[in-house]
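A quick write-up on the structure given underneath.
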Amino acid sequence: MYTQLEQRGMAEPPVTVTTLRKMKQQGQPIACLTAYDASYAALVDAAKTDLVLVGDSLGMVIQGHDTTVPVTVADIVYHSRAVARGLRHAFLVADMPFMSYTTSGQALENSVRIMQKGGAKMIKLEAGDDQVDIVRHLARHDIPVCAHVGLKPQSVHKIGGFKVQGREPDQANEMVDSAKRLQDAGADIVLLECVPNEVGQKTTEALDVPVIGIGAGPDVDGQILVLYDVLDITQGRTPRFVKNFQQGHDSPLAALQAYVRAVKDRSYPAPEHCFS
Ligand code: KIV
């Protein structure tokens with residue numbers, strides 16, 4: 001049996017894809033957050049977050065763009081490498097940016113770069129039926145994959161804005177079926193964004209792999225939010241599912257611990273954070 005160098009002497013082993021799957025099976029909520037640099041990553045890790053995502057939301061919250069579209073693979077590698085240095089416990093996932101996975105070959109090449117140079121342990125891509133073969137190709141090469149379904153922010157210009165998805169019964173059923181096909185192709189996690197509670201619940205029941213929600217209601221296996229929304233750094237209008245955990249807490253660490261507690265005891269999301 002191998003012992004990874006960084007794990008020697010650690011009280012608690014790092015979270016792995018197996019830990020996350022066991023958490024689903026045992027009904028233990030999975031607490032996830034985004035991070036973009038080493039200092040915040042260390043805080044998020046100290047708060048006992050299970051999974052950290054270097055999201056292409058960095059295009060908006062770090063770079064100041066209106067969408068995630070301008071983010072590049074080099075941006076993700078740079079931020080992922082920094083975040084990896086701040087983590088000891090949490091599982092690191094990094095986004096595949098817009099147009100970085102248009103073919104299986106391109107997806108494999110870029111995911112290898114993000115894992116080798118960025119230190120990510122899993123890549124996330126925005127997916128539907130058109131990406132099933134790409135997910136299968138990555139899985140065949142042992143690349144761990146998170147499939148992002150529901151609202152896909154990289155498609156914002158095609159769908160005409162950041163809107164709740166799956167409100168029509170046909171669209172909802174198609175979304176659940178598509179998530180199942182992505183799982184069957186080898187996705188290890190499904191991330192579900194901005195859908196009515198019922199779609200969150202049905203997807204979670206239909207899948208064996210963990211379903212992490214953002215604006216997907218309380219009946220998913222875990223929750224994720226953008227770090228700067230949780231810490232109330234984001235200015236202006238935030239989506240309905242966002243909760244400011246900084247309020248009532250005197251440090252960023254205390255706010256992040258409150259978020260993790262609220263996910264674990266299922267007090268977040270409350271009805272006011274959900275879509276029907
Ligand atoms: O890019 C990102 O931060 C994300 C989250 C919103 C889940 O995909």
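In each ligand, atom 1 is the first atom listed, and ligand 1 is the first ligand listed.
- Residue Gly55 approaches ligand 1 through these ligand atoms, each under 4.0 Å from one of its heavy atoms: 1 (O), 2 (C), 3 (O).
- Of the candidates Ile214, Asp56, Ile224, Ile214 brings a heavy atom nearest to atom 6 (C) of ligand 1.
- Closest protein heavy atom to atom 8 (O) of ligand 1: Lys124 NZ, 2.8 Å.
- At a threshold of 4.0 Å, the pair Lys48-Glu12 counts as salt-bridged, since one of the basic side-chain nitrogens sits closer than that to a carboxylate oxygen.
- Taking every heavy atom of His148 and a limit of under 4.0 angstrom, the matching atoms of ligand 1 come to 8 (O).
- Between Arg181 and Glu174, at least one side-chain nitrogen of the basic residue sits less than 4.0 Å from a carboxylate oxygen of the acidic one, meeting the salt-bridge criterion.
- Residues Asp50 and Lys264 are paired through a salt bridge, judged by an N-O separation under 4.0 Å between the basic side chain and the carboxylate.
- For the atom pair CD1 (Ile30) and CZ (Arg21), the distance works out to 11.0 Å, reported to the nearest 0.5 Å.
- Here is the list of ligand 1 atoms found below 4.0 Å of a heavy atom in Thr34: 3 (O).
- Tyr268 and Phe241 have their aromatic ring centers separated by at least 6.0 angstrom.
- By the criterion of a heavy-atom distance under 4.0 Å, neither the backbone nor the side chain of Leu58 is placed next to ligand 1.
- The distance from the CZ atom of Arg140 to the CG atom of Leu108 is 12.0 Å, given to the nearest 0.5 Å.
- When the options Pro153, Cys32, Ser57 are ranked by their closest heavy atom to atom 1 (O) of ligand 1, first place goes to Ser57.
- For the pair Asp184 and Lys180, the salt-bridge criterion is met [side-chain N within less than 4.0 Å of a carboxylate O].
- For ligand 1 and Asp95, the ligand atoms under 4.0 Å from any heavy atom of the residue are 1 (O), 2 (C), 8 (O).
- Looking from atom 4 (C) of ligand 1 to the surrounding protein, the closest heavy atom is Leu53 CD2, 3.6 Å.
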